[in-house]
There are 2 protein chains.
Amino acid sequence: MSLPFKKRVVIIEDDQEIRESFSLIVNSSQRFMVVGAYGNCEDAIAALNRDKPEIVLMDIELPGMNGIKGTQIIRDKNSSTEIIMVTVYEDSDLVFEALKAGASGYITKSANYTELLSALEEIVRGGAPMSSRIARMVIDNYHINPNSPLTKRETTILQLISEGKTYTQISEELFISKETAKTHIKNIYSKLQVNSKSEAIAKANHDKLI
Amino acid sequence: MSLPFKKRVVIIEDDQEIRESFSLIVNSSQRFMVVGAYGNCEDAIAALNRDKPEIVLMDIELPGMNGIKGTQIIRDKNSSTEIIMVTVYEDSDLVFEALKAGASGYITKSANYTELLSALEEIVRGGAPMSSRIARMVIDNYHINPNSPLTKRETTILQLISEGKTYTQISEELFISKETAKTHIKNIYSKLQVNSKSEAIAKANHDKLI
DNA sequence: TTAATAATCACCCAAACTTCGGTATAATTA
DNA sequence: TAATTATACCGAAGTTTGGGTGATTATTAA
């Protein structure tokens with residue numbers, strides 16, 4: 001445990017009490033130091049070149065720019081900065097938005113001393129700290145819907161459509177005529193209630209059919 | 001901690017030594033019991049109605065049917081069965097295949113007494129046990145590529161394409177002419193080296209451009 | 001500050017592909 | 001046996017794509 005430098009941490013959190021409590025906890029550690037604590041993203045982003053944080057603890061709900069947009073901007077400026085979202089809610093859509101924006105961890109505001117520091121340690125170790133519920137939410141998001149209305153053949157064809165294949169390519173790959181492929185696709189569209197390939201792909205991804 | 005019944009666990013693992021070692025560990029717990037241990041998926045699936053497992057510990061590399069296909073089939077028969085993959089490799093593609101097939105956890109064969117039991121506990125608690133590396137792999141898989149060759153406008157349009165919108169809908173949504181939308185899309189195709197919407201969506205998803 | 005580059009917008013035509021609305025038969029499964 | 005699934009064909013209407021051309025506004029580099 002002989003780190004020459006402490007990891008630089010920035011906290012972005014509008015609730016002053018939580019901000020100070022988190023600062024105290026982080027600074028109490030041998031391996032981390034708070035180089036900046038802000039009540040909004042705008043100020044934090046303006047100070048980024050000076051602070052040079054390796055890790056950012058980012059609230060999602062913030063006055064002005066929200067934490068998701070802030071995450072995007074910070075990652076855009078320096079993609080090696082690791083961002084941990086700090087939130088009260090474990091709301092599904094927000095989680096995925098934050099992850100897409102570039103967050104690598106997800107903890108709740110109720111995190112205690114140990115939880116906060118072990119999340120930081122986990123990030124340094126190259127992991128992705130998150131609560132049981134978030135982990136499960138993320139994993140479940142990969143699962144394919146077992147209640148698909150499509151037949152096996154239709155699912156195969158939808159898969160090929162999602163890979164960007166044309167009618168001709170699909171028919172060649174499955175050794176069926178182009179007209180048959182067309183029929184299957186018509187049936188897929190009718191079951192999914194869509195009328196184009198890209199709509200079918202959107203629906204398939206949303207409903208986890210492939 | 002007064003559970004009236006122990007959770008029913010099935011182990012599918014072709015290495016007899018590991019299978020027996022895992023069985024001993026699971027059976028040593030107050031909360032779990034091994035109701036079946038098999039060297040391949042075929043036998044395990046045939047015994048499913050009798051074993052009625054709540055949790056399956058599944059090896060990926062197996063003689064005959066592999067663990068991913070086995071996961072699909074078991075989940076298909078009873079989607080409330082939780083499956084934990086057990087593997088030597090933390091290979092990227094296999095992880096995602098297993099998750100899509102319906103796995104909810106991912107541990108390595110080197111797992112010791114504590115790791116194995118805490119993975120089982122984590123599953124019961126509704127979580128998703130996985131190693132740091134896997135967690136990070138899964139999270140990174142959500143991140144949008146910051147090195148996109150597309151402009152902001154092109155990315156917006158690609159996003160709309162991926163939602164299944166037509167040229168007309170895109171032009172209306174962005175208050176531009178249909179011809180302009182077309183020009184942007186042509187430029188997107190040329191940058192991504194594709195020639196259709198669905199191919200563009202496939203590439204966008206693969207390269208994490210949206 | 002100018003020059004160059006990138007981004008955004010707009011239009012035309014022809015070819016290619018997709019979608020819609022039908023019809024119909026074998027094979028498989030419940 | 002009835003229902004479902006997978007196969008196959010036709011033609012008309014609609015949408016997308018490819019190959020051009022050109023203008024206006026940022027943005028960046030010299």
Side-chain angles (χ1 to χ4, degrees), chain A residues 49 72-73 76-77 144-205 209-210, chain B residues 45 49 72-73 76-78 144-205 209-210:
Chain A
N49 288 329
Q72 255 170 38
I73 293 175
D76 208 51
K77 289 190 190 285
I144 288 172
N145 184 352
N147 294 69
S148 171
L150 304 180
T151 68
K152 195 175 291 181
R153 196 56 155 175
E154 287 163 354
T155 304
T156 305
I157 287 175
L158 184 55
Q159 176 68 50
L160 294 174
I161 288 176
S162 83
E163 288 166 14
K165 305 276 166 70
T166 65
Y167 282 41
T168 308
Q169 287 173 320
I170 292 170
S171 67
E172 281 167 358
E173 201 150 316
L174 300 181
F175 304 106
I176 56 181
S177 90
K178 194 174 171 174
E179 294 300 325
T180 303
K182 208 157 78 170
T183 304
H184 283 303
I185 292 168
K186 272 193 290 192
N187 293 335
I188 292 170
Y189 289 178
S190 135
K191 286 185 183 178
L192 301 188
Q193 306 204 61
V194 298
N195 21 242
S196 70
K197 282 184 181 178
S198 38
E199 254 190 292
I201 298 171
K203 187 110 185 176
N205 288 326
L209 304 178
I210 49 172
Chain B
I45 289 168
N49 289 327
Q72 257 170 37
I73 292 174
D76 208 51
K77 289 189 189 287
N78 185 352
I144 287 172
N145 184 353
N147 294 70
S148 171
L150 304 181
T151 69
K152 195 175 292 182
R153 196 58 155 176
E154 286 163 354
T155 304
T156 305
I157 287 174
L158 184 55
Q159 176 67 50
L160 293 173
I161 288 176
S162 84
E163 288 166 12
K165 306 277 166 69
T166 65
Y167 283 39
T168 308
Q169 287 173 319
I170 291 170
S171 66
E172 280 167 358
E173 200 151 317
L174 300 180
F175 304 107
I176 56 181
S177 90
K178 194 173 170 175
E179 294 300 324
T180 304
K182 208 155 80 171
T183 304
H184 284 303
I185 291 168
K186 272 193 291 194
N187 291 336
I188 292 170
Y189 288 179
S190 136
K191 286 185 184 178
L192 301 188
Q193 307 203 64
V194 298
N195 19 243
S196 71
K197 283 185 181 179
S198 38
E199 253 191 293
I201 298 171
K203 187 110 185 178
N205 287 326
L209 304 178
I210 49 173

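We name chains A, B, ... by the order of the sequence lines, and we start the count at 1 in each one. The shown structure was predicted, so the numbers you read here are calculated from the model rather than taken from an experiment.
B/Lys77 has its side chain within reach of B/Ile45: a pair of non-hydrogen atoms, C-beta onward, lies under 4.5 Å apart. With a 4.5 Å cut-off on side-chain heavy atoms, B/Ile157 and B/Leu150 do not count as touching. Here the side chains of A/Leu209 and A/Lys191 are not in contact, with every heavy-atom distance at 4.5 Å or above. With a 4.5 Å cut-off on side-chain heavy atoms, B/Ile176 and B/Arg153 count as touching.
An end-to-end axis angle of 70° holds for the helix from C/dT1-D/dA30 to C/dA30-D/dT1, taken from five base pairs per end and rounded to 10°.
By the side-chain contact (heavy atoms from CB on, under 4.5 Å) test, A/Thr156 pairs with A/Leu174, sequence neighbours left out. Residues passing the side-chain hydrogen bond (donor to acceptor under 3.5 Å, both in side chains) test with A/Gln72 are A/Lys69, sequence neighbours excluded. Every residue meeting the side-chain contact (heavy atoms from CB on, under 4.5 Å) condition with B/Ile210, not counting sequence neighbours, appears here in chain and number order: B/Thr155, B/Leu158, B/Gln159, B/Ser162, B/Ala204, B/Asn205. Evaluation of the side-chain contact (heavy atoms from CB on, under 4.5 Å) rule for B/Lys186 yields no partner, not counting sequence neighbours. By the side-chain contact (heavy atoms from CB on, under 4.5 Å) test, B/Glu172 is found to be paired with B/Thr168, residues two or more places apart in sequence or in another chain being considered.
Between A/Ala181 and A/Ser171, the shortest heavy-atom distance links the atoms CB-CB, 4.3 Å. Nearest approach of B/Ile161 to A/Ser198, heavy atoms of both residues: O-CB, 3.7 Å. Closest approach of B/Asn145 and B/Asn147 over heavy atoms only: OD1-N, 2.7 Å.
Identified under the salt bridge (charged side-chain N to carboxylate O under 4.0 Å, His left out) test for residues 156-169 of chain A, with sequence neighbours left out: A/Glu163-A/Lys165, A/Lys165-A/Glu173. Sorted pairs that involve residues 193-204 of chain A and meet salt bridge (charged side-chain N to carboxylate O under 4.0 Å, His left out), not counting sequence neighbours, are lacking altogether.
Nearest-nucleotide positions on DNA chain C place B/Glu179 closer to the 5' end than the other of B/Glu179 and A/Ile185. Annotation: of the two residues near DNA chain D, A/Lys186 and A/Leu174, the 5′-most nearest-nucleotide partner is A/Leu174.
Spacing between atom OH of A/Tyr189 and atom P of C/dC17 amounts to 15 Å, rounded to whole angstrom units. The interatomic distance linking B/Lys182 (NZ) with C/dC12 (C1') rounds to 8 Å, in whole Å.
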Sort me out a list of protein N/O and nucleotides 5-8 of chain C N/O pairs below 3.5 Å, or just none if empty.
| unit_1 | atom_1 | unit_2 | atom_2 | d |
| --- | --- | --- | --- | --- |
| C/dT8 | OP1 | B/Arg153 | N | 3.3 |
| C/dT8 | OP2 | B/Thr151 | OG1 | 2.4 |

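Residue B/Ile73 holds its CD1 atom at 14.0 Å from CG of B/Asn78, rounded to the nearest 0.5 Å.
Listed in residue order, the members of residues 155-170 of chain A having a heavy atom less than 4.0 Å from DNA chain D come to none. DNA chain C lies under 4.0 Å from no heavy atom of any residue of residues 195-205 of chain B.
Of all nucleotides in DNA chain D, those with any atom nearer than 4.0 Å to a heavy atom of chain B start and finish, going 5' to 3', at D/dT16 to D/dG20.
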